[in-house]
Amino acid sequence: MITLQINGKSYAIDVEPDMPLLWAIRDVVGLTGTKYSCGIGVCGSCKVLLDNSPVQSCMIPVSAAEGKSIITVEGTSKNLQLLQDSWMELNVPQCGFCQPGQLIAATALLDKNPNPTDEEIDEAMIGNICRCGTYQRIKNAINRTVNLNKQS
Amino acid sequence: MKKIQNISRRSFVKSIGLASGGLILACNTSVFSDKEKEIKNLINFNPNLFVQLNSDGSLILVASRSEMGNGVRTSLSSVIADEMEADWSKVSIQQATGDKKYGDQNTDGSRSIRYLFDTMRQMGATAKAMLITAAAQTWNVSEEECKAENHFIVHSSGKKLGFGELVEVAKTLEVPTDVQLKDSKNYKYIGKSLKSIDVDDYVSGNAIFGLDKRLPNMKFAAVARCPVTFGTVKTFDKTETLKIKGVLDVIEIPRIERPFGALGGIAVVATNTWAAFKGRDALKIEWDFGNNKDYDSENYMNQITKNVHKQGKVAKTVGNINNAFKKGAKIIESTFQLPHLSHAPMEVPNAVAWVQGETCEVWAPTQNPQSARDEIVAYLGVPEENVTINVTLLGGGFGRKSKSDFVVEAAIISKAINAPAQVVWSREDDIKHGYYHTVSAQYMKASIDKNGKVTGWLHRFALPSITSTFSPGVDYAAGFEISSASNIPFNIDNVKIEVGKAPAHVRIGWLRSVINIPHGFSINVFADELAVAVNKDPLEFRLDLIGEDRIVNPDENIPFKTQRLKNVLQLAAKNANWGKDLPEGHAQGLAVHYSFNSYVASVVEVSVIDGKLKVLQVHTVIDCGLVVNKNTVIAQMEGSAIFGMSLAFYGKITAKDGAIEQGNYHDYKMIRMHEAPKINVEIVESTENPTGVGEPGVPVIAPAIVNAIYKATGKRYYNLPLSNYGLV
Ligand code: FES
Ligand code: FES
């Protein structure tokens with residue numbers, strides 16, 4: 001049995017310790033907001049926050065996540081909710097499939113760096129592919145969130 | 001209320017036939033059965049297949065096309081709501097199952113708005129007319145004194161009744177056959193920017209894509225398929241697979257010889273996707289590689305290039321090309337080579353099926369639920385009505401998900417294990433077993449007279465045809481793969497279009513923009529080359545080459561007008577400030593192309609510094625006739641620019657010994673945020689009929705980039721992707 005802390009809840013699951021965290025979250029725990037797309041750590045769709053750091057959950061064995069705090073797109077964190085707002089306001093998603101991973105990557109960025117430059121945004125988001133090509137809107141939505149944070 | 005609740009809902013639902021544009025929308029019962037729980041205490045009014053108004057005023061509209069980022073659930077429904085004068089905040093969308101009663105549901109070819117705009121208007125207008133009649137009867141006044149306004153019917157005296165309050169009367173009325181459509185100047189939603197109706201679900205992680213569908217007792221499956229297209233299993237050994245924790249079963253999948261039939265292979269069924277993947281990797285399979293085992297895309301490219309360097313089959317001839325070439329003061333010749341591409345939508349192909357005896361229910365991210373249904377009907381041999389195809393959201397499609405080979409796999413597995421099964425393709429499966437965009441060689445030759453006028457244009461191309469997927473053995477391009485070359489919008493007296501031989505060795509399928517990718521590329525790059533040959537500015541030269549206002553395709557239904565083509569080009573040039581001073585190493589390039597009945601021009605600005613390319617800015621202008629949702633059109637143009645850049649920079653699928661060499665996003669790369677340019681989009685205001693949006697923005701991007709690189713460096717690149725040249 002492995003116990004995972006996801007979005008503040010505990011889940012005891014019976015899986016092989018080498019199962020990637022992604023599949024434990026999706027197929028065993030049953031939270032499907034975290035997406036599979038490449039399985040080899042190069043697309044970012046599966047990103048979650050593991051003790052506040054963005055990780056590709058397809059690359060982390062579930063055993064390595066035990067005892068750590070996991071936040072998925074379904075979870076709560078100040079920046080995540082603010083970014084979700086901006087995403088809606090600017091109509092960022094097209095098909096929407098990559099967006100959970102994009103939101104997690106952006107959340108991790110703003111958690112560490114509340115006022116990123118465009119280059120810093122690029123750097124933080126480089127691991128996330130959007131096949132629909134919503135990059136411009138993602139960047140605008142991050143900048144909008146930064147500006148709202150500054151005002152408040 | 002008591003009385004209302006006692007009335008059986010079904011007893012009121014009318015049998016309705018409504019003819020519209022050849023599509024008969026017959027409806028004997030409500031299509032909203034799975035909403036029944038929510039609305040069981042309400043009475044409801046179903047004037048047609050697409051509209052259900054409930055007595056609490058909530059309005060359910062049916063989306064018959066698939067949502068894959070195209071915004072279609074929002075745009076089609078907003079057309080109904082507009083005609084109906086409904087309040088958008090009261091609208092929810094129900095996705096249609098795959099059923100011929102909805103007409104064609106195949107969501108590709110950039111056709112949804114093109115084909116369904118008028119039908120959707122009628123659906124809304126019919127509902128509105130009946131609500132007006134209901135109000136007039138209730139008040140005992142004439143209908144002329146009543147009008148619909150934001151979910152109310154309002155009488156000239158000022159009294160009003162909410163839509164919901166009229167349901168009971170409206171549902172007893174005959175359905176009118178001819179209804180008045182709104183004047184376009186009164187549109188309320190059409191032509192504005194509506195937010196995607198699914199945006200909350202997308203950002204909260206609650207959106208249900210195919211991969212997210214879960215059923216009680218559902219098993220997960222992965223399939224090992226032959227690395228060579230149409231190869232088959234000789235023998236296999238599952239011993240190691242069965243030792244893996246979570247693996248439940250191993251099943252042989254037959255090859256089904258239909259265009260969208262299963263490829264065949266060995267399926268591993270497990271309690272989770274990971275175990276299915278691991279079990280699949282542990283299989284030992286001996287394959288019979290079959291006829292395509294020698295496919296080598298490099299040799300193949302050489303072969304089709306030879307085929308375009310000799311005379312081909314003539315597809316079109318105007319004037320006398322040989323004379324023109326003989327007399328030409330200048331002759332320019334170029335050869336273009338473009339590789340196969342893979343759709344690679346972020347969501348891999350997948351489907352859930354549950355076969356129970358003689359019935360089957362499917363949940364799949366399909367662009368074409370009717371075709372998925374056909375595949376399953378053919379496999380199970382059951383009547384069509386026993387098969388239900390539920391369409392989930394699609395995590396991208398780009399044409400891949402209109403081919404339902406992955407759906408029938410799920411049904412085969414479910415039947416074998418007698419439980420619901422979700423088949424999941426890995427990314428490697430997706431890239432190695434696709435329906436590839438064609439590979440192409442193109443040869444172009446032009447003559448220019450001493451005044452700098454282009455007098456002859458020969459375009460010869462060889463590419464395996466999409467038709468080969470449907471009729472094995474076809475080895476020449478089909479008519480629909482020729483028209484984007486033969487409808488050349490240039491004022492040239494002598495034109496010849498020829499096709500060369502190109503047999504297929506993989507499944508060829510349509511990918512976003514289809515044949516317009518190779519043709520849009522070669523035509524735009526070659527035209528730019530001709531401008532250079534006569535020492536003219538590419539914009540001025542191109543406008544001259546397009547020439548006077550005329551219709552290019554007088555024989556076809558929808559006119560291709562050169563005036564609209566020139567207009568988008570001029571606007572893009574203006575927006576980009578064409579010809580402006582730029583820093584060292586920077587340059588602009590342009591391209592313009594007509595496809596899916598829409599007109600698109602892009603001007604790009606690139607920099608090439610120390611041999612490295614950057615695309616800094618894209619200005620796109622589209623004329624797609626009347627626009628339903630501006631936000632969607634802009635988003636599609638932005639996405640098209642990135643899609644076009646991905647194929648220009650990195651898009652390349654190759655085969656060796658019959659097997660596809662690429663397998664994931666590390667060797668089939670995509671544009672990422674740091675490479676993405678600023679994208680500016682202008683939509684031409686128009687009242688012409690709506691035309692395609694999802695695809696026509698793609699073909700201009702690669703040639704505009706190549707033309708800009710030429711301007712910046714003096715080097716012309718004829719082949720894609722540009723990664724071949726170390727530029728990216
Ligand atoms: S699925 Fe994990 S990075 Fe792509
Ligand atoms: S929105 Fe479709 S992949 Fe990003």
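Every chain is numbered from 1 and lettered A, B, ... according to where its sequence line falls, protein lines coming before strand lines.
- Taking every heavy atom of both residues into account, A:Leu103 and B:Val203 meet most closely at CD1-O, 3.5 Å.
- Between chain B and the residues A:Gln81, A:Glu16, A:Met125, A:Met88, the most heavy-atom pairs under 4.5 angstrom are made by A:Met88.
- Options B:Met218, B:Arg214, B:His343, B:Met68 differ in how many heavy-atom pairs under 4.5 Å they form with chain A, and the most are formed by B:Arg214.
- Of all non-hydrogen atoms in B:Glu638 and A:Arg137, the two that sit nearest each other are OE1-NE, 2.7 Å.
- In this structure, no portion of A:Glu123 lies under 4.5 Å from any heavy atom of chain B.
- When all heavy atoms of B:Leu211 and A:Tyr36 are compared, the pair lying nearest together is CD1-O, 3.9 Å.
- For B:Phe209 against A:Lys35, the heavy-atom pair with the smallest separation is CD1-NZ, 3.6 Å.
- Put simply, OG1 on B:Thr74 and CG on A:Asn91 are 8.5 Å apart, with the number rounded to the nearest 0.5 Å.
- Heavy atoms of other residues, nucleotides or ligands lying less than 6.0 angstrom from NZ of B:Lys678 number 12 at most.
- Contacts of B:Ile634 with chain A are made by both backbone and side-chain atoms, with heavy-atom separations under 4.5 Å.
- Contact of B:Glu675 with chain A is not made at all, since no heavy-atom distance falls under 4.5 Å.
- Nearest approach of A:Cys43 to B:Tyr665, heavy atoms of both residues: CB-CD1, 3.8 Å.
- Using a 4.5 Å cut-off between heavy atoms, B:Lys278 contacts chain A through its side chain alone, with no backbone atom that close.
- Between B:Lys245 and A:Asp18 there is no salt bridge, since no side-chain N of the basic residue sits under 4.0 Å from a carboxylate O of the acidic one.
- Taking B:Ser204, B:Ala676, B:Gly396 one by one and counting their heavy-atom pairs under 4.5 Å with chain A, the maximum is reached by B:Ser204.
- Within 6.0 Å of the NZ atom in B:Lys669, the count of heavy atoms belonging to other residues, nucleotides or ligands does not exceed 12.
- The structure places CG of A:Asn128 at 8.0 Å from CE of B:Met673, a figure rounded to the nearest 0.5 Å.
- Using a 4.5 Å cut-off on side-chain heavy atoms (C-beta onward), A:Cys95 and B:Glu347 make no contact.
- Proximity to chain A is limited to the side chain of B:Met670, based on heavy atoms less than 4.5 angstrom apart.
- Among the candidates B:Met645, B:His674, B:His666, the residue making the largest number of heavy-atom pairs closer than 4.5 Å to chain A is B:His674.
- The choice from B:Pro345, B:Gly395, B:Gly246 that makes the most heavy-atom pairs within less than 4.5 Å of chain A is B:Gly395.
- Proximity to chain B (any heavy atom under 4.5 Å) is shown, for A:Thr134, by neither the backbone nor the side chain.
- Ranked by non-hydrogen atom pairs under 4.5 Å with chain A, the options B:Met346, B:Glu67, B:Arg427 are led by B:Met346.
- The backbone N or O of A:Ile129 lies less than 3.5 Å from no partner atom in the side chain of B:Arg672, so there is not a single donor-acceptor pair.
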CA sep, side-chain torsions, deciding dist, call: A:Ile40, B:Glu428, side-chain contact (heavy atoms from CB on, under 4.5 Å): CA-CA 10 Å; A:Ile40 60 164; B:Glu428 288 76 12; 4.1 Å; yes

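- At a 4.5 Å heavy-atom cutoff, the contact between B:Ala207 and chain A is made by backbone atoms alone.
- Residue B:Leu394 touches chain A through its backbone alone, counting heavy-atom pairs closer than 4.5 Å.
- Heavy-atom pairs under 4.5 Å with chain B were tallied for A:Asp27, A:Thr32, A:Ile138, A:Val15; the largest tally goes to A:Asp27.
- Rounded to the nearest 0.5 angstrom, A:Glu89 CD and B:Lys195 NZ are separated by 4.0 Å.
- Counting heavy-atom pairs closer than 4.5 Å to chain B, the top-ranked of the candidates A:Gln136, A:Lys139, A:Arg131 is A:Arg131.
- Of all the listed residues (A:Gly44, A:Pro93, A:Gly30, A:Pro100), the one sharing the greatest number of non-hydrogen pairs under 4.5 Å with chain B is A:Pro93.
- From B:Asp198, atom CG reaches atom CD of A:Gln94 across 13.5 Å, with rounding to the nearest 0.5 Å.
- Heavy atoms of B:Ala275 lying under 4.5 Å from chain A are absent altogether.
- For B:Asp200, the parts lying near chain A are the backbone and the side chain together; criterion is any non-hydrogen pair under 4.5 Å.
- Closest non-hydrogen pair, B:Ile671 versus A:Tyr135, comes out as O-OH, 2.6 Å.
- For the atom pair OG1 (B:Thr273) and CZ (A:Arg26), the distance works out to 7.0 Å, reported to the nearest 0.5 Å.
- Of all the listed residues (A:Cys132, A:Gly33, A:Cys38), the one sharing the greatest number of non-hydrogen pairs under 4.5 Å with chain B is A:Cys38.
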